[in-house]
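Lettering of chains follows the sequences in order, A, B, ..., and the numbering in each one begins at 1.
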Amino acid sequence: MNTTQGVTVRVENCAKTFADGTRALDPVTLDVARGETLVFLGPSGCGKTTMLRIIAGLEKPDSGGRVLFNAQDVTRIPIERRNVGMVFQSYALFPNMNVAQNIAYSLALRGAGKAERDSRVAELVALTGIEGLENRNIDQLSGGQRQRVALARAVAMRPSVLLLDEPLTALDAALRERLRGELDRLLRTLGITTIYVTHDQSEAMTLGDRIVVMRKGAIAQVGSPRDIYFKPASRFVAEFIGAANIIDAVSDNGVLVLPGGRLAVDKTGHGQVAAMIRPESIGIISPEAAFLVGRVASVSFTGDRQRLVVDGASDKPLIVDASNTLAVKIGDTVGLTVAPSAIQFLQGA
Amino acid sequence: MSTAALQEPWAKSDNPAAPIPVHQKMSRDDLIMRIALCVLAAWLVIAVLLPLGALLIKSFEGPDGGFVGVSNFALFFANPSLTQSISNSLSIAIVSTVICVLLSFVFAYGLMRTCMPGRGIFKLISQVPLLAPSLLPAISLVYLFGNQGFAKSMMLGQSIYGPIGIGIGEVFWTFPHALIIMITALSTSDARLYEAASALKASAWRTFWTVTIPGARYGLISATFVVFTLVVTDFGVPKVIGGQFNVLATDIYKQVIGQQNFRMGAVVGLLLLLPAVFSFAVDQWVQRKQSAAMSSRAVAYEPKPDAFVDTAFLVICGLIAAAILTVIFTALFASLATLWPYNLTPSFKNYDFDNMDGGGWQSFFNSLRMAGFTAVFGTAIIFSGAYLMEKTKGFGAGRFVFQFLALLPLAVPGIVLGLGYIFFFNSPANPFNFIYGTTTILVVCSIAHFYSVAHLTAVTALKQIDQEIETVSSSLRVPFYRTFFLVTLPVSLPAVLDIAMYLFVNALTTVSAVVFIYSPQTTLASIAVLNMDDAGDVAPAAAMAMTIFFAATAVRVVYTGLVRGVLGRTQAWRHR
């Protein structure tokens with residue numbers, strides 16, 4: 001059933017002010033392509049869930065805001081008539097029904113005959129990889145299985161848009177990581193336009209065709225996972241996604257002048273800048289050969305790599321992810337090298 | 001960023017006034033739910049608010065029906081025998097409350113904080129008084145300590161008819177109410193505080209006053225006000241054993257039934273509303289404080305065996321339990337004795353109700369029917385109302401008004417509500433006048449009288465269910481009533497049964513709410529107890545009270561069986 005289902009979604013000038021005057025969302029305009037998975041990512045209280053609820057029809061945007069599915073204005077239409085599938089963090093499975101009954105819940109009402117229902121349930125059970133659990137009660141399922149039942153139930157009616165609100169957050173870390181991959185495969189198979197809310201950046205990276213990073217009710221950046229990671233638009237995005245060294249220094253005609261030496265950058269002109277360098281972009285070389293040197297202040301071995309903190313090179317200690325085979329110890333003087341293209345200049349705060 | 005037209009994200013709206021949200025078309029579900037909520041609110045207005053209004057108006061009416069200001073109140077306060085009732089009511093309530101709260105605290109402490117044996121059976125016995133009308137303990141006390149009582153010598157020459165009898169009867173009758181509150185208060189204690197106290201080498205006595213009592217203080221306050229209100233507004237105990245000692249609740253009865261002075265009855269009714277409303281306000285305050293006081297990280301306190309403490313509490317709780325059982329068994333023996341105290345041969349002569357005043361066995365069957373209707377319709381109305389109040393989207397004002405109406409009966413004593421029913425429903429101008437004198441008005445009054453507690457039970461149960469279930473259902477385009485019947489109701493079955501049981505037992509045992517509105521065709525068992533006792537047929541009154549007790553017990557047993565059996569299977573998911 002790898003057919004691209006779903007609609008394009010357009011959020012136009014949608015803001016949300018609650019009755020008590022709290023501004024949950026500044027005006028947002030955003031397009032989601034048909035079949036795309038768009039992830040809203042941000043810390044709690046950033047407005048990402050409000051955004052999802054506006055798209056679902058559970059919250060009304062402030063006047064002037066519009067939500068369009070396939071260019072058709074659905075702003076005034078309640079959730080019952082928007083044809084959206086929803087999965088919540090709690091899953092909200094019906095505790096008194098078994099797996100098959102949960103999945104078929106909406107089908108019975110649509111005049112589908114028993115045979116049709118059964119075949120649809122079988123199809124969804126196979127798709128979500130929970131064959132054999134049809135007659136289990138909900139309390140007999142693991143967290144990951146519950147999540148899949150919730151997803152199967154949400155897509156049973158072939159919704160135009162699938163809305164997922166932190167669907168993996170209730171699970172433990174190892175399971176979350178495994179399910180991330182499965183969910184990604186599943187969403188691609190379904191091909192439904194999907195809007196996904198999470199505070200977990202790895203989840204956002206794995207699942208999103210594009211990521212919308214949100215902060216304090218506003219969009220901080222929209223882009224592909226690679227864009228967001230390598231070309232963050234602001235200090236906030238840089239620090240929120242992964243580990244980042246943010247260096248405040250003077251850039252002088254293609255050179256960043258630092259306490260421990262210099263770094264070549266592809267930026268001309270003269271002035272104070274904020275430059276972002278990912279820890280894994282910094283190479284360790286012998287100090288004699290380097291233009292930038294520092295002293296190793298700490299080494300933490302994490303198995304797949306070792307994370308160093310290097311003092312004296314920059315205005316603040318640099319975090320460096322080095323190979324797990326590199327022989328280095330505290331107090332060593334090391335040379336540092338960074339490709340000019342890996343140095344990203346940040347704007348704003 | 002190919003398809004994203006991104007607006008400058010830091011741009012703030014220029015309009016400082018709070019914007020109005022887009023108007024969304026109301027879904028069919030929303031519309032139905034709002035209408036249904038309004039209908040149920042209207043029902044509460046008719047069943048609670050308007051009768052109270054009628055009572056209020058009556059208290060300001062003159063003999064010719066015109067407005068006379070506060071002159072009825074002036075008349076009341078000018079009558080020394082009536083004002084004497086105020087001080088009588090207050091003093092008896094204060095003494096009963098202090099005794100009852102102390103006993104229930106000790107009993108609850110034994111149940112919750114010691115390892116004394118038999119805690120399960122003690123808890124069971126403590127709930128026995130709930131299964132009988134308040135008339136029953138009073139009748140038992142007459143048999144125990146009355147003029148021909150077999151333990152009369154224990155009274156040391158004092159008479160049981162009067163404040164002493166009322167006090168003992170009220171303590172018996174209000175004990176389970178206070179105990180439930182105390183058990184809750186003592187169960188929400190944090191073991192970590194006790195560990196900290198013992199680490200600091202605090203003595204047991206000091207720990208009790210610095211940890212136990214502060215932890216239970218809201219329960220103590222709440223129980224004090226609940227018991228005080230119950231005593232002030234109870235009518236059954238003083239009616240049977242009060243003798244010449246007049247209290248406000250019996251004054252209403254005498255004014256209305258004895259002297260047909262409805263206006264003075266209304267004045268006394270309004271006075272009785274005061275402690276109830278005050279107690280209600282305190283309870284609301286306590287509930288807010290208490291929920292804030294309990295942290296989710298608290299560790300449950302596990303009592304450790306202590307031979308001395310456990311034995312001491314076993315003795316005290318054993319005495320209290322023995323007293324409760326003595327009262328019940330005295331009524332049972334009295335009802336089975338052929339002619340107390342001269343011929344103690346067991347017989348069912350006193351259960352031959354058809355050959356006595358009071359309506360005979362028919363009044364018992366009327367009671368069962370009335371309690372059954374109250375349980376069935378009451379549960380349906382109350383649970384639906386709670387569901388609609390919790391789940392209707394938006395409509396804040398409507399839901400607020402409904403919540404107010406649903407909690408209002410908690411502040412209205414049964415006898416006051418019953419009196420309001422006379423004024424409201426007996427008026428020929430009232431289109432609902434036709435229900436006057438029927439079983440319907442008894443059912444309506446009973447549902448209204450016991451509405452609040454059942455409503456709160458339903459709300460609590462509904463809040464425990466995942467709030468997103470309704471959201472998911474509406475996104476699946478399933479109408480709300482389908483989800484209500486297929487998911488919410490089955491999942492809430494324990495609470496639904498609990499409500500039905502509560503309504504049934506209370507409707508069966510209540511006297512105060514129905515004493516003004518029964519008719520010769522709809523006499524009830526509890527009323528029969530009252531009337532037979534009034535007529536001097538005390539042994540048959542005891543027999544009828546025991547019949548009520550057995551019926552209520554049977555319902556409780558069936559309920560427990562249902563909960564353990566059927567629910568044990570269907571609600572298995574709860575235990576994970």
| said: Taking side chain as everything from C-beta outward and backbone as N, CA, C, O, which of these in B:Arg482 sits under 4.5 Å from a heavy atom of chain A? Side chain, backbone, both or neither. | reply: both
| said: Heavy-atom pairs under 4.5 Å with chain B: which of A:Thr75, A:Leu163, A:Asp165, A:Val87 has the most? | reply: A:Thr75
| For A:Arg153, is it the side chain, the backbone, both or neither that has a heavy atom under 4.5 Å from a heavy atom of chain B? | both
| field | Pairwise side-chain contact, A:Gln344 with A:Pro232, heavy-atom cut-off 4.5 Å (strictly under) | value | yes
| request: Between chain A and each of B:Asp29, B:Asp30, B:Leu486, count heavy-atom pairs under 4.5 Å; write down the option with the most. | output: B:Leu486
| remark: Ranking A:Ile138, A:Asn137, A:Ile77 by heavy-atom pairs under 4.5 Å to chain B gives rank one to A:Ile77
| request: Using non-hydrogen atoms and a 4.5 Å limit, figure out which bit of B:Thr483 sits close to chain A: side chain, backbone, both or neither. | output: both
| query | Hey, is A:Glu80 close enough to B:Lys393 for a salt bridge, meaning N to O under 4.0 Å? | reply | yes
| request: May I ask you to test the A:Phe94-B:Ser473 pair for a side-chain heavy-atom distance under 4.5 Å? | output: yes
| message | Quick check on B:Lys123: does its NZ atom have over 12 non-hydrogen neighbours (other residues, nucleotides or ligands) under 6.0 Å away? | response | no
| task | Check the surroundings of atom CZ in A:Arg117: do more than 12 heavy atoms from other residues, nucleotides or ligands lie under 6.0 Å from it? | result | yes
